[in-house]
Amino acid sequence: QVQLVESGGGLVQAGGSLRLSCAASGNIARIDAMDWYRQAPGKQRELVAGITFRGSTNYADSVKGRFTISRDNGKNTVYLQMDSLKPEDTAVYYCHTIIVPPWGARRDYWGQGTQVTVSS
């Protein structure tokens with residue numbers, strides 16, 4: 001079994017910063033992609049940022065230049081540094097990973113979600 005534990009959400013004023021963390025634990029041989037998604041009320045879940053095992057990154061246009069995704073492969077943890085936050089960044093943020101177990105097929109996992117609220 002694999003568990004993903006997210007932390008770092010909260011309430012912040014516009015222009016402020018937050019750092020999200022997502023730590024994976026359990027039967028893990030390797031973690032391939034690690035991503036952050038978000039879902040605002042009444043909207044579909046969208047990809048915010050992703051990072052491959054080797055560190056290649058991609059970002060949604062709406063967060064480019066403001067958010068930075070990184071990972072620590074030794075700690076099986078992915079981070080999302082969010083700067084210059086805007087009210088439209090308000091959403092529940094979900095960690096998503098593709099994990100290769102010591103045996104069996106790779107599969108994806110989702111975190112429980114963490115609320116980010118940006119006040120104007």
Side-chain angles (χ1 to χ4, degrees):
Q1 288 288 8
V2 171
Q3 295 81 40
L4 298 182
V5 177
E6 300 178 21
S7 61
L11 173 64
V12 65
Q13 288 188 331
S17 298
L18 285 174
R19 188 190 194 209
L20 306 183
S21 299
C22 174
S25 62
N27 295 325
I28 299 170
R30 187 184 74 247
I31 301 178
D32 288 342
M34 303 185 84
D35 314 297
W36 287 97
Y37 284 74
R38 67 186 181 187
Q39 187 166 19
K43 295 188 177 181
Q44 289 189 331
R45 190 172 297 189
E46 62 174 355
L47 177 65
V48 176
I51 185 168
T52 67
F53 177 78
R54 298 193 181 278
S56 296
T57 59
N58 63 285
Y59 297 92
D61 288 343
S62 59
V63 306
K64 283 181 181 177
R66 300 188 298 121
F67 290 10
T68 303
I69 189 170
S70 61
R71 62 188 286 172
D72 184 333
N73 290 332
K75 295 181 179 180
N76 290 334
T77 300
V78 62
Y79 306 95
L80 186 66
Q81 177 66 42
M82 304 185 293
D83 299 317
S84 302
L85 282 160
K86 303 176 180 180
E88 51 264 44
D89 294 319
T90 296
V92 177
Y93 284 70
Y94 296 92
C95 172
H96 170 259
T97 66
I98 297 177
I99 291 176
V100 180
W103 56 88
R106 52 189 272 178
R107 59 157 288 186
D108 62 341
Y109 294 86
W110 290 89
Q112 79 280 8
T114 185
Q115 177 70 46
V116 171
T117 303
V118 184
S119 63
S120 57

> With sequence neighbours excluded, what pairs up with Arg30 under the salt bridge (charged side-chain N to carboxylate O under 4.0 Å, His left out) test?
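Expected list: Asp32.
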> Which pair of heavy atoms, one from Met82 and one from Leu20, lies closest together, and at what distance?
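In terms of heavy atoms, the two residues are closest at CE-CG, 3.7 Å.
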> Is it true that Thr117 and Gln115 share a donor-acceptor pair across their side chains at a distance under 3.5 Å?
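Looking only at side-chain atoms, Thr117 and Gln115 do form a donor-acceptor pair, the distance falling under 3.5 Å.
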> So, Asp72 versus Thr77: side-chain donor-acceptor pair below 3.5 Å or not?
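Checked: Asp72/Thr77 side chains show no N/O donor-acceptor pair below 3.5 Å.
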> Measure the shortest side-chain to side-chain distance between Ile99 and Arg106 over non-hydrogen atoms and say whether it is less than 4.5 angstrom.
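No, every pair of side-chain atoms sits at 4.5 Å or beyond.
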> Looking at Tyr79, does the NZ or CZ of Arg19 lie under 6.0 angstrom from its six-membered ring centre and within 45 degrees of the ring axis?
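Yes, a cation-pi geometry.
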> Do the side chains of Tyr59 and Ile51 join up, straight or via other hydrophobic residues, at under 4.5 Å, putting them in one cluster?
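The answer is yes; both residues are in one hydrophobic cluster.
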> Heavy atoms only: give me the nearest Gln112-Leu4 pair and the separation to one decimal.
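Heavy-atom minimum between the residues: OE1-O, 3.5 Å.
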> Determine whether Gln81 and Ser17 make a side-chain contact, defined as any pair of heavy atoms from C-beta on separated by less than 4.5 Å.
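Of all side-chain heavy-atom pairs linking Ser17 with Gln81, at least one is under 4.5 Å.
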> With a distance cut-off below 6.0 Å to the six-membered ring centre and an angular limit of 45° from the axis, does Arg38 pair with Tyr94 as a cation-pi contact?
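No; the conditions do not both hold, so Arg38 does not lie above the ring face of Tyr94.
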> For Ile69 and Met34, work out which heavy atoms get closest and say how close.
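Heavy atoms of Ile69 and Met34 come nearest at CD1-O, 3.8 Å.
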> Honestly curious: do Tyr37 and Val48 fall in one hydrophobic cluster under the side-chain, below-4.5 Å linking rule?
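In one cluster: no.
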> Should Val12 and Val63 be regarded as members of a common hydrophobic cluster, given that ILVMFWY residues are connected when their side-chain heavy atoms come within less than 4.5 Å of each other, either directly or indirectly?
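Result: yes, single cluster for both.
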> Going from CG on Leu18 to CG on Asp83, what distance comes out if it is rounded to the nearest 0.5 angstrom?
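Here the rounded value is 9.5 Å.
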> Are Val92 and Val78 in one and the same hydrophobic cluster, where Ile, Leu, Val, Met, Phe, Trp and Tyr link if side-chain heavy atoms are under 4.5 Å apart?
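Shared cluster, no.
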> Ion pair present between Asp89 and Lys86, side-chain N to carboxylate O less than 4.0 angstrom?
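No, no charged N to carboxylate O under 4.0 Å.
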> Between Arg66 and Ser84, is there a donor-acceptor pair closer than 3.5 Å when you use the side chain of the first and the backbone of the second?
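Checked: pair present.
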> Are Trp110 and Tyr93 co-members of a hydrophobic cluster defined by side-chain heavy atoms under 4.5 Å apart?
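No, Tyr93 does not connect to Trp110 through the hydrophobic network.
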> Between Asn76 and Ile28, is a side chain to side chain contact (heavy atoms under 4.5 Å, CB included) present by the stated rule, with each step listed?
CA-CA 9 Å; Asn76 290 334; Ile28 299 170; 3.9 Å; yes
> Rounded at 0.5 Å granularity, tell me how far OG1 in Thr57 sits from CG in Asp35.
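If we round to the nearest 0.5 Å, Thr57:OG1 and Asp35:CG are 11.5 Å apart.
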> What verdict does the ring-ring contact (aromatic ring centres under 6.0 Å, His included) test give for Phe67 and Trp36, after you've listed the backbone C-alpha separation in whole Å, the side-chain angles of each residue and the deciding distance to 0.1 Å?
CA-CA 11 Å; Phe67 290 10; Trp36 287 97; over 10 Å; no
> Do Thr90 side-chain atoms and Val118 backbone N/O form a donor-acceptor pair below 3.5 Å?
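It does hold such a pair.
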> What are the two closest heavy atoms between Leu80 and Ala49, and how far apart are they?
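Heavy atoms only, the tightest pair is CD1-CB, 4.2 Å.
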> Could you pull out the closest heavy-atom pair between Ala91 and Ala40, with the gap in Å?
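Result for this residue pair: CB-N, 3.8 Å.
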> Are the side chain of Glu6 and the backbone of Cys95 linked by a donor-acceptor contact shorter than 3.5 Å?
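Flag set: sc Glu6 to bb Cys95 pair under 3.5 Å.
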> Could you report the tightest heavy-atom contact between Gly9 and Val116, atom names first, then the distance?
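Looking at all heavy atoms of both residues, the closest pair is CA-CG2, 4.2 Å.
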